[in-house]
Q: 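Here it is: the structure, laid out below.
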Number of protein chains: 2
Amino acid sequence: MGESAKPQPTLELVAARAGVSRATVSRVVNGSTKVSAEVNEQVNKAIAELKYVPNRAARSLANGRTNSIALVIPENAAKFFSDPYFATVIQGAAMYLADTEFTLTLLIATEADPAKTGRYLRGGNVDGALILSHHSDDRSYVELAGSLPMVFGGRPMSNESGELHVVDVDNVAAATTATRTILESGRSRVATIAGPQNMGAGQDRLQGWREALEPVGLATDLIEYGDFTPPGGEAAMISLLERGVDIDGIFIASAQMAFGALKILHERGIRVPEDISITTVDNDSYAQSASPPLTTIEQPAERQGAMMAQLLVTLIAGGQVPERTIINTVLIKRGSH
Amino acid sequence: MGESAKPQPTLELVAARAGVSRATVSRVVNGSTKVSAEVNEQVNKAIAELKYVPNRAARSLANGRTNSIALVIPENAAKFFSDPYFATVIQGAAMYLADTEFTLTLLIATEADPAKTGRYLRGGNVDGALILSHHSDDRSYVELAGSLPMVFGGRPMSNESGELHVVDVDNVAAATTATRTILESGRSRVATIAGPQNMGAGQDRLQGWREALEPVGLATDLIEYGDFTPPGGEAAMISLLERGVDIDGIFIASAQMAFGALKILHERGIRVPEDISITTVDNDSYAQSASPPLTTIEQPAERQGAMMAQLLVTLIAGGQVPERTIINTVLIKRGSH
DNA sequence: CTGAAAGCGCTTACAG
DNA sequence: CTGAAAGCGCTTACAG
């Protein structure tokens, strides 16, 4: 008959201690305004004394909300997680949600069972989802957008439906700006190391480079591709050099690739920016620590993540959000151009 | 009376369709062995046809388990998330759990409300927790270990209780090995750039450096500290050089710091490894892309994360796990020593 | 091997 | 402003 130690105190216990009904305790817990100040105080006192914490499962079952949000990440996560840009987006979303009632559930979209994630999302386990997939095979998520509030980070490749909400930077404009910065220092033979063409960011940055060169009558034939990583940048740089063309500028689609490219350039005694002017995207530690430090386009990744979370919360609450939200980028001039 | 569209099919619907009771459907869903093959098949057919997915909240409320695991991360997450090592640990844990019934909930231990995380963990919202905090103020989590299955990544600073489960690399041995590698190339004036001394890894690697030098009668006075980031490494390198001592080797406690130090060395025309031999810890893209590529100790971060998850799952299931699990490191020889 | 029934801890119309 | 009661969708002894 004595009180046992471990089990969490329940609403019922709080109610008994405060001398009110469970309904009233529930109202206090949920911040209902229709509770008298006096009762409100009693109940809060009991809650504090008992260290009562509401049971999520019960609450969820009763009101049909889960208070949890999925963060979907492509399995190809080795690359993904170690990319400071994505890591920072996640951080921004997580920190924003830490101040809300929502909890973030990490979902790895595994290739072994591709339907698993969809099942989970559709299974009523979350109130909404943040999608960071960027590959061409993101169709399944795009289709889910009809039945579950979702916000995409970066534009998905397969956007037929239109009824999507995405938070993105204007990658085309960013690349154009970065490329023009090279032109301003008087260069005229400008190459690019582009990102993967099965990602929106990869496509758009290549496009932006073109849009800077074409209007001024410069050639757009010097293109190599990398996977956004340092080794990818190294390989692309080598290929570029092997062409035997006189290059005096390169727009490189990510700082990590620029970093790899720089290494090759150093090894061959090619000077930056004297011989080749370089600009890139991402203001991460690669851009900052490179020699010379890289002139780059900063993407406010943390803000992007927070924005994604904020929009999703709005969506879940039944609010309206724009289909496309653009996060402004800023050009950071350093020594590489 | 017509069937409406959206609402998830319930257990009840499946039962009706399969012509059995809800209890039986529940048994099938949970893989009970005491169901006849025939009934089992009928039920599974109904489940497939209805695309039934069990409601987590209801299940959780009924059986007292949440099937979710918290991943606790210190708020000081800017540094944290962009550290490839931690990112990879998280990835390892997430991928391991993706194949289980458990879901990973990201918890940022916010400084604004330090008790919030504790409340969440104690509130019965999760079945267990993975703690990646490494600072001296991790006491609150250590204390929680009594009431909730927990596994620590890296040894916590305040380990009074003893009843802890930690997965760690042997940082002392790693540092000793790395430092000895410098000695083997005939160096005798060996400095270190150590990590933060409020983290276990920072302390232990400094200790390992000492243990390599003292037995052979070398001085252990050349110590500078950094925060594990490239800028931290730069600053420490500058301080080291300002001492005006002839240094011919440096053990640097992280690749990111080594990376920063290398930048300073390049600028001053000091050659690596000719003038100064360098070894470090972490086989990430910093170590791989540096010039020269860094001789380093690889910590299998993904495996560490997976191991943490695995041990926690065992603990939750009521199993026994060792208090300390050591992940082996491996020395990777490259051009910097 | 299978079913009826109680119960998990909340929320929420509905009355008053 | 407050309470009694039904209900959220499962699981699990308990019988049979």
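Reminder, nothing fancy here: chain letters follow the sequence lines and each chain counts from 1. Only this structure's heavy atoms are used, side chains among them; waters, hydrogens and symmetry mates stay out.
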Q: Write down the distance separating the P atoms in D:dA5 and D:dC1, rounded off to the nearest Å.
A: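 Pairwise P distance, D:dA5 against D:dC1, rounds to 23 Å.
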Q: Closer than 4.0 angstrom, basic N to acidic O: yes or no for B:E41 and B:K45?
A: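 No salt bridge links B:E41 with B:K45.
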Q: Spell out, as yes or no, whether a donor-acceptor pair under 3.5 Å connects the side chain of A:N125 to the backbone of A:Y120.
A: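 Yes; judged by distance alone, with no hydrogens or angles, the pair exists.
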Q: Roughly how many Å is it from CD in A:E12 to C1' in C:dC10, rounded to a whole number?
A: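 These atoms are roughly 11 Å apart.
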Q: Distance check needed: C:dT2 P versus B:L11 CG, whole Å only.
A: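 These atoms are roughly 15 Å apart.
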Q: Using whole Å, report how far CZ of A:R22 lies from P of D:dT2.
A: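 Rounding to the nearest Å, CZ of A:R22 and P of D:dT2 are 17 Å apart.
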Q: Taking only the side-chain nitrogens and oxygens of A:S26, find out if one of them lies under 4.0 Å from OP1 or OP2 of C:dT11.
A: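 Indeed, a polar side-chain atom of A:S26 lies that close.
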Q: Now, which nucleotide makes the Watson-Crick or G-U wobble pair with D:dC14, with each of the two distances under 3.5 Å?
A: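 Across all strands, the one nucleotide that pairs with D:dC14 is C:dG3.
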Q: Within the 4.5 Å heavy-atom criterion, are A:L164 and A:E323 side-chain neighbours or not?
A: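 Sidechains of A:E323 and A:L164: no contact.
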Q: Could you state the CD-P distance from A:Q42 to D:dC1, rounded to the nearest angstrom?
A: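 Going from A:Q42 (CD) to D:dC1 (P), I get 15 Å.
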Q: How far, in whole Å, is C:dA6 from C:dT2 if one measures between their P atoms?
A: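 These two P atoms come out 23 Å apart once rounded.
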Q: Take the protein atom CG of B:N40 and the nucleotide atom C1' of C:dC1, then report the distance between them rounded to whole Å.
A: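 Between C1' of C:dC1 and CG of B:N40: 12 Å.
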Q: Working to the nearest 0.5 angstrom, can you tell me the gap between B:L132 CG and B:I90 CD1?
A: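 Here the rounded value is 6.0 Å.
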Q: Send over the distance from B:I47 CD1 to D:dC10 P, rounded to a whole Å.
A: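 The distance from CD1 of B:I47 to P of D:dC10 comes to 10 Å, rounded to the nearest Å.
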Q: Check A:P9 against A:Y52 and note the closest heavy-atom contact, atom names and distance.
A: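 Between these two residues, the closest heavy atoms are O-CD1, 3.2 Å.
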Q: Can you list, by residue number, the residues of residues 55-70 of chain B that have a non-hydrogen atom closer than 4.0 angstrom to DNA chain D?
A: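 B:N55, B:A58, B:R59, B:A62, B:N63 - these, ordered by number, are the residues of the stretch whose heavy atoms sit under 4.0 Å from the strand.
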Q: Rounded to the nearest Å, what distance is computed from the CG atom of residue A:L13 to the P atom of nucleotide C:dC8?
A: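 A:L13 atom CG is separated from C:dC8 atom P by 13 Å.
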Q: For B:T24 and C:dG3, is the shortest distance between a side-chain N/O and OP1 or OP2 below 4.0 Å?
A: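 Looking at the OP1 and OP2 atoms of C:dG3, one of them is under 4.0 Å from a side-chain N or O of B:T24.
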Q: Output yes when a side-chain donor or acceptor of B:T103 lies under 3.5 Å from a complementary backbone atom of B:S68, and no otherwise.
A: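 No; zero donor-acceptor contacts below 3.5 Å.
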Q: Would you confirm whether A:R59, through its side chain, and A:G64, through its main-chain N or O, come within 3.5 Å as a donor-acceptor pair?
A: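 Flag not set: sc A:R59 to bb A:G64 has no pair under 3.5 Å.
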Q: Which nucleotide sits closest to the side chain of A:A23: C:dT2, D:dG9, D:dA4?
A: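 Of the options given, the side chain of A:A23 lies nearest D:dA4.
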Q: Quick check on DNA chain D: between A:V39 and B:N30, whose nearest nucleotide comes earlier from the 5' end?
A: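 Going by which nucleotide is closer to the 5' end, it is A:V39.
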